[in-house]
2 protein chains.
Amino acid sequence: MTNDLKESFSTDSPPAPAALAAKVRTLSPSMTRSMQRVAEAVAGDPAGCAALTVTGLAELTGTSEATVVRTARLLGYPGYRDLRLALAGLAAHQESGRAPAVTADIAVDDPIADVVAKLAYDEQQTLADTAAGLDTVQLGAAVAAAATARRIDIYGVGASSLVGQDLAQKLSRIGLIAHSHTDPHLAVTNAVQLRSGDMAIAITHSGSTGDVIEPLRVAFDRGATTVAITGRPDGPVSQYADHVLTTSTARESELRPAAMSSRTSQLLVVDCLFIGVAQRTYETAAPALAASYEALAHRHTPRTR
Amino acid sequence: MTNDLKESFSTDSPPAPAALAAKVRTLSPSMTRSMQRVAEAVAGDPAGCAALTVTGLAELTGTSEATVVRTARLLGYPGYRDLRLALAGLAAHQESGRAPAVTADIAVDDPIADVVAKLAYDEQQTLADTAAGLDTVQLGAAVAAAATARRIDIYGVGASSLVGQDLAQKLSRIGLIAHSHTDPHLAVTNAVQLRSGDMAIAITHSGSTGDVIEPLRVAFDRGATTVAITGRPDGPVSQYADHVLTTSTARESELRPAAMSSRTSQLLVVDCLFIGVAQRTYETAAPALAASYEALAHRHTPRTR
DNA sequence: CGGGGCTTGAAAATATCTTTCAAAGGTGAC
DNA sequence: GTCACCTTTGAAAGATATTTTCAAGCCCCG
């Protein structure tokens, strides 16, 4: 008879989603005193209760294991084990609900965990912005030019030089002739050698870095295909660029210099360029990549695991 | 020995929050075949596995209970019971936030727009995984050491060298004495000069790059505070690291070499480290940053817009 | 104040999880 | 190629947790 009651409840409510507190209230009248104590504890602190065993919860509520199990049954679960799983889910849920508010600027006194969260969030944002703002037509044109270029010269100074090196490194790996130039003088000297069929890529966030514009201008004048990767497509660098790839500019704060997000953005663009080229030269790129893995293998000490 | 290692890991990572898939990928290489099967099942269907008992999961994966428990331990939980609770939480989590799914691998014939979207998505994922998997205690310790170090030497070769250069560049900007070494011989030569109060940072995705481990070992022996930034926290490099910062490992495809996502992950870690140090040395860092802007200004041609 | 049914917890029974241990499988040295 | 050694693995024993049983206590009502 009591059994019938329980039966009807458990069928009413399946495994139960998340509205546990509400169910506790609803069912409370049909509960005995000690069961109410258990239900209350559970509704009050799902996370805490999820960490407890039957015995633990029984002690906490000053009841017995049997009562705890009975309560779990009444709430619609096959047993305490399942209630506990649901509780864990609930806890995770309200954990995430606790809005991180990671959108704020990074402050001097932010705990390290916040720094990580905010930084990751910012960079994710930057990536999304960059992807959304990237002109795929320009990118496609740049890819086509790079895939068939006799040689590729890349100019970047400061933080952008690392991006340039990254690109050069990767293009070299798939068998292209690509070099990154950091020294403005050498860059210009090399640019003079370029001609039609060659390619020059300038990377500058500000779009107005003279040391990078100059070699690009020379390359442009010599008839090479030129590409600018910049956050300011309206900047001086674009004058000498056949194709302009725009990187995004995220808000910067005192502690987070612009260089940081521009680098993320530039790298995404450069990666897209690389993959595009790799696709287009797949026949040679795939074996070249495999070969470079091979060549590096022996530089790793084998004692893993 | 292996045991000690594992032990230290499980204490490194507490109950673990939500980045289970990422952790599975990170730890996968150090797992045995049958453990990998279990980990895969768990990562692939958290909700389903949460409903299974040890025995059930063992049967599903064609292994034994012991293996399941071992896997749970390796993932950082005290036992299977706790893994199961975490799984339930995870399931509830992803229940609420249906993933959009641009998750497919990049294919040779993907149009360029898809490449951009997939790449951006992958890198965002990598960032999220990294942030979730980063041990803030270790990071805090590394920050504290860096902020007070007399000098900081950074070792990285190949793709990681760029990350090292990036870090060195930024730390230098806020007035710290930081150098990135690419040449293994010079790195060792320099490492010999280090002593207590100095700091050495090794960056290697594989965790087993001899050229990077060697200088770190020397630095470690000389009494410097050592940090490893690696995707394989169980790799040989960690032997000589006072603090290990784990980068995430994203699935890689033929066209998207692992180096790409590991770089993203490493950069995030390095950025966090940098910002942490900047916070701690704010008094000197802020004016130093401002001064470096100032100094660069004249290198930009003013004719913007 | 005593009977009948409801509530409760102690303890037994069961299920689940954890540990141990020996066999199977693999690896490197000779 | 073969042996010794180390790793990996699952079966089964051991430990915990959960569920069930059952009798004592409690409460309501006559």
Side-chain angles (χ1 to χ4, degrees), chain A residues 1-7 9-10 15 27-42 49-88 298 301-305, chain B residues 1-7 10 15 27-42 49-88 234-236:
Chain A
M1 161 179 11
T2 308
N3 237 323
D4 293 346
L5 247 187
K6 283 177 189 171
E7 226 24 79
F9 273 119
S10 48
L27 264 42
S28 195
S30 68
M31 287 183 190
T32 67
R33 234 187 337 275
S34 41
M35 282 167 88
Q36 280 181 16
R37 278 214 302 287
V38 175
E40 218 167 281
V42 162
C49 292
L52 294 170
T53 71
V54 194
T55 315
L57 187 52
E59 266 178 30
L60 178 74
T61 57
T63 64
S64 68
E65 289 97 324
T67 303
V68 172
V69 173
R70 275 191 282 263
T71 309
R73 294 263 162 77
L74 190 63
L75 289 173
Y77 303 91
Y80 175 69
R81 205 186 308 277
D82 303 80
L83 168 63
R84 203 175 163 187
L85 283 179
L87 243 39
H298 79 97
T301 66
R303 40 171 325 209
T304 313
R305 166 89 54 85
Chain B
M1 163 173 40
T2 309
N3 235 324
D4 294 343
L5 258 182
K6 283 177 186 168
E7 223 26 76
S10 44
L27 264 42
S28 189
S30 68
M31 287 182 189
T32 66
R33 236 189 332 279
S34 39
M35 280 166 92
Q36 279 180 16
R37 278 214 301 286
V38 175
E40 217 167 282
V42 161
C49 292
L52 293 170
T53 72
V54 205
T55 315
L57 186 53
E59 268 178 27
L60 177 74
T61 57
T63 65
S64 67
E65 289 97 326
T67 302
V68 172
V69 173
R70 275 191 283 262
T71 309
R73 292 263 162 78
L74 190 66
L75 289 174
Y77 302 91
Y80 176 70
R81 205 185 308 276
D82 302 80
L83 169 62
R84 203 174 162 188
L85 283 179
L87 242 38
D234 58 341

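Every chain is numbered from 1, with letters handed out A, B, ... down the list of sequences.
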* Asked: Whole-Å distance between D:dT9 P and B:Met31 CE?
  -> 12 Å

* Partner set under side-chain contact (heavy atoms from CB on, under 4.5 Å) for B:Thr63, not counting sequence neighbours -> B:Ser34, B:Arg37, B:Val38, B:Ala58, B:Thr61, B:Thr67, B:Val68

* Asked: Would you say the side-chain atoms of B:Arg84 pair up with the backbone N or O of B:Thr53, donor to acceptor, closer than 3.5 Å?
  -> no

* To do: Quickly work out the A:Met35 CE to C:dG9 P distance and round it to whole Å.
  => 12 Å

* Asked: Considering residues at least two apart in sequence or located in another chain, which fulfil the side-chain contact (heavy atoms from CB on, under 4.5 Å) criterion with B:Ala72?
  -> B:Leu83

* Structure fact -> Separation of D:dG10 atom P from B:Glu59 atom CD, nearest Å, is 12 Å

* Asked: Does B:Ser34 put a side-chain nitrogen or oxygen below 4.0 Å from OP1 or OP2 of D:dT9?
  -> yes

* To do: Check A:Ala50 against A:Ala88 and note the closest heavy-atom contact, atom names and distance.
  => CB-N, 3.9 Å

Polar atoms only, N or O, under 3.5 Å: list the protein pairs with nucleotides 14-18 of chain D and their distances.
unit_1 : atom_1 : unit_2  : atom_2 : d
D:dT18 : OP1    : A:Arg84 : NH1    : 3.3
D:dT18 : OP2    : A:Val54 : N      : 2.5

* Do B:Glu59 and B:Glu65 have side-chain heavy atoms sitting under 4.5 Å apart? -> no

* Could you check how far CG of B:Leu60 sits from P of D:dG10, rounded to whole Å? => 14 Å

* Below 4.0 Å: OP1/OP2 of C:dG9 and any side-chain N or O of A:Ser64 -> yes

* Whole Å only: how far is the CG atom of A:Asp82 from the C1' atom of D:dT19? -> 12 Å

* Asked: So do A:Val54 and A:Val69 actually touch side chain to side chain, heavy atoms under 4.5 Å?
  -> yes

* Asked: At under 4.0 Å between heavy atoms, what does B:Gly56 touch on the DNA or RNA strands: base, sugar-phosphate, or nothing?
  -> nothing

* Structure fact -> Quick tally for nucleotides 20-27 of chain C: nucleotides whose base has a protein heavy atom under 4.0 Å get B, sugar-phosphate-only ones S, the rest -, giving B-------

* Student check: side-chain heavy atoms of A:Tyr80 and A:Leu57 closer than 4.5 Å -> yes

* Asked: Which whole-number value in Å describes the distance from A:Leu57 CG to C:dG9 P?
  -> 12 Å

* Asked: Quick one: does A:Arg70's side chain get under 4.5 Å of A:Met31's, heavy atoms only?
  -> no

* Supply the atom-to-atom distance A:Leu75 CG to A:Leu87 CG, rounded to the nearest 0.5 angstrom. => 9.5 Å

* **Phosphate OP1/OP2 of C:dT19: any B:Arg73 side-chain N/O under 4.0 Å** => yes

